[in-house]
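The structure under discussion appears below in the form of structure tokens.
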Number of protein chains: 2
Amino acid sequence: MVDIKFIAKMAGVSTATVSRVLNKSKPVSAELEKRVLDAVVKYKYYPNIFARVLVNKRSFMICILIEEAINQFQSLILPLVSRYLLEKGYQAIINIVSADTEEKIRTFEALEAKQIDGVIAFFYIDERTIKRIKSKTQIPFIQSEPLVHSVSYYEMNRKAAYQATQYLIDLGHRKIAGFFAESYENSFLSARYEGYIQALHKADIEINEKLCIKKNISMANSIEMVNELLDQSELPTALFCVSDELAIGAMFQLAQKGLKVPKDISIIGYDGIPMGKQIDPKLTTIEQPFAFWIKLMIKELLGTIEGDETVNISQTDIVKYSPRLFIGGTCDKPREV
Amino acid sequence: MVDIKFIAKMAGVSTATVSRVLNKSKPVSAELEKRVLDAVVKYKYYPNIFARVLVNKRSFMICILIEEAINQFQSLILPLVSRYLLEKGYQAIINIVSADTEEKIRTFEALEAKQIDGVIAFFYIDERTIKRIKSKTQIPFIQSEPLVHSVSYYEMNRKAAYQATQYLIDLGHRKIAGFFAESYENSFLSARYEGYIQALHKADIEINEKLCIKKNISMANSIEMVNELLDQSELPTALFCVSDELAIGAMFQLAQKGLKVPKDISIIGYDGIPMGKQIDPKLTTIEQPFAFWIKLMIKELLGTIEGDETVNISQTDIVKYSPRLFIGGTCDKPREV
DNA sequence: GTGAAAGCGCTAACAG
DNA sequence: CTGTTAGCGCTTTCAC
């Protein structure tokens with residue numbers, strides 16, 4: 001076993017010196033430094049990270065917390081998160097929790113006790129629960145769902161949804177249905193609803209409650225939502241979906257019902273998941289520069305962990321990386337125009 | 001800071017006793033055991049895993065290695081793997097690697113040096129690479145793709161594919177197309193192809209090369225595959241797909257082309273991913289008891305790690321947990337029968 | 001600039 | 001059964 005003691009002996013120095021060279025924690029003479037580094041290479045020495053943690057009180061481990069299953073969005077960002085963490089010298093560990101709030105809070109406590117440096121929750125946590133977690137633990141955490149609320153993610157979502165709806169209006173649509181999420185208070189999901197409403201208002205289009213369907217946003221529900229939509233007396237010519245999964249599910253069900261996209265109905269999604277580009281026609285949607293946002297978000301987390309309060313995000317960066325419209329083949333002019 | 005010393009003091013015992021209770025490493029009187037456990041609960045004590053590692057020479061950490069992106073199958077099993085590992089006292093950590101073989105091998109070496117106990121590769125590794133990894137490292141590893149090759153996963157796949165094809169034949173189909181994977185040598189994917197071929201042979205159906213399309217099995221490719229199929233002079237009445245993703249992609253594209261499932265063509269998939277149950281009609285498919293298999297596979301890995309060579313898997317268990325046909329709504333009798 | 005030595009929190013002999 | 005104690009490999013005072 002080659003450990004720090006062995007290297008010290010071989011280099012003819014003390015263990016303290018080896019440690020100093022490896023961590024650059026204190027100046028060491030060039031002479032000794034060379035001897036240490038040579039020994040490290042010669043004997044393929046890797047410091048024992050666990051021993052290091054014991055002393056440092058920092059594990060350089062971040063836990064990704066997932067609620068039961070992994071959805072498309074999460075499987076998209078998980079590799080990005082993990083890779084970026086590694087780049088920053090942190091190891092991603094993964095834990096699964098149930099939907100139960102109490103269990104989640106207990107998990108936060110456990111992770112703190114296990115000396116995990118921080119948590120990235122892959123689910124939405126409401127304000128009340130956030131307060132409870134903060135009252136019980138000190139562990140720094142962020143949520144991936146409302147990615148960068150720190151740079152007004154709500155506002156971004158509202159604007160992009162506005163833009164998407166506006167795009168449909170510009171194509172000549174007036175009867176624009178919407179599939180939305182229920183019960184997400186002031187999250188980015190309700191921002192998308194707001195953007196949709198505002199665009200319709202701006203264009204003097206009356207809001208038709210029957211065309212606004214709110215449900216949980218799983219692909220399964222989009223089938224029901226389409227059926228509900230088709231039961232209306234007045235069929236829409238376009239459909240705005242609050243997520244790509246919803247949009248793709250809707251396309252699927254519409255095809256089953258014999259309706260063509262975009263000939264019979266135009267569809268626009270939100271997210272830019274890979275599957276949207278794998279279907280035919282490609283899904284027109286709002287794309288989000290996830291990779292960039294994730295970096296921003298993690299930078300914020302690591303800033304808190306490392307006691308660096310000054311994570312500075314420039315306004316130009318934010319604008320540069322705003323969501324943008326991807327024009328696929330699922331939107332066209334309405335039939336009768 | 002609540003540590004083992006603190007708990008020992010509060011319970012009025014020695015640290016050794018606390019350790020023995022927590023690890024069940026030696027018998028402790030009921031009286032003391034109770035006092036220890038009470039203190040543990042009362043003060044929310046969690047043993048410091050890093051200190052434990054230092055002594056045990058075991059990190060109780062298993063790395064899940066993912067190749068760049070996460071597909072549906074992987075996102076399905078990832079929570080199962082993680083949860084089961086935790087149940088067994090291991091923590092899952094996650095690393096992303098590129099498709100490059102050399103980088104993968106280096107990652108295995110690095111993980112060993114970091115004292116990670118084992119690796120679960122979420123990708124297919126060919127024989128040659130396996131040999132190279134084993135020559136350079138000692139780290140135990142398994143692959144999730146051919147889940148339980150230890151219990152003849154190949155055979156299971158062949159049988160199940162046979163059963164699926166037989167089901168179509170029993171419904172009266174004779175022109176049965178197949179979407180398969182290319183270049184997977186002797187993996188479970190080729191076993192599915194073999195099962196399909198054997199079922200056709202058994203029923204004296206001539207193999208039509210033009211109806212057997214082999215491509216990489218992403219959803220994107222199923223669109224091309226459907227187009228290729230529709231270009232044939234002779235249309236099939238049924239389609240066996242080597243994966244659910246392929247099957248769903250095909251359903252989608254067929255709907256776009258105006259073909260109804262199962263009226264115009266029957267479709268059967270393989271895997272049993274959740275999305276298959278979210279679409280309408282539900283996808284008829286071969287379901288696999290993943291959770292059970294994952295346990296088997298991990299048991300094998302942990303067996304190697306813990307030096308337990310005798311991981312015994314009973315034959316009844318294997319039969320009990322064989323893949324089984326799930327009958328959704330995507331298969332019917334052929335039109336003209 | 002360098003080394004000796006005291007822990008970090010835990011487990012496992014070794015005594016009793 | 002139970003307690004005392006010596007490390008696991010590393011970092012970091014504290015002297016020199």
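Chain naming here is simple, since letters A, B, ... match the order of the sequence lines and numbering starts at 1 in each.
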Between B:Arg35 and B:Glu31, does a salt bridge (Lys or Arg N to Asp or Glu O under 4.0 Å) hold up when you go through it step by step?
CA-CA 7 Å; B:Arg35 278 177 16 213; B:Glu31 155 73 17; 2.8 Å; yes
Rounded distance (nearest 0.5 Å) linking atom CD1 of B:Ile142 with atom CD1 of B:Ile62
8.0 Å
Length of the line joining A:Glu33:CD and C:dT2:C1', which is rounded to integer Å:
14 Å
Can B:Lys299 and B:Glu306 be counted as an ion pair, charged N to O under 4.0 angstrom?
no
Around atom CD of B:Gln138, are there more than 12 heavy atoms from other residues, nucleotides or ligands closer than 6.0 Å?
no
Have a look at A:Val53 and say if it touches a base, only the backbone sugar-phosphate, or nothing, with a 4.0 Å heavy-atom cut-off.
nothing
Would A:Lys134 and A:Phe108 count as a cation-pi pair here, with the cationic atom under 6.0 angstrom from the ring centre and within 45° of the axis?
no
Validation: residues 46-56 of chain B side-chain donor-acceptor distances under 3.5 Å, sequence neighbours left out:
unit_1, atom_1, unit_2, atom_2, d
B:Asn48, OD1, B:Phe50, N, 2.8
B:Asn48, OD1, B:Ala51, N, 3.0
B:Arg52, NH2, B:Asn23, OD1, 3.3
B:Asn56, ND2, B:Arg52, O, 3.4

Distance check: side-chain N/O of A:Ser14 vs OP1/OP2 of C:dT2, anything under 4.0 Å?
no
Can you tell which of B:Glu103, B:Glu68, B:Lys104 makes a side chain to side chain donor-acceptor pair (under 3.5 Å) with B:Ser98?
B:Glu103
Compute the angle between the rotation axes at the two ends of the helix from C:dG1-D:dC16 to C:dG16-D:dC1, each taken over five pairs, rounded to 10 degrees.
40°
Test log, rule side chain to side chain donor-acceptor pair (under 3.5 Å), inputs B:Gln115 and B:Ser59:
CA-CA 6 Å; B:Gln115 335 232 1; B:Ser59 65; over 6 Å; no
Interatomic distance, A:Ile7 CD1 vs D:dC10 P [rounded to whole Å]:
9 Å
Produce a footprint string for nucleotides 9-16 of chain C: one letter per nucleotide, 5' end first; B if the base is under 4.0 Å from any protein heavy atom, S if only the sugar-phosphate is, - if neither.
BBBBB---
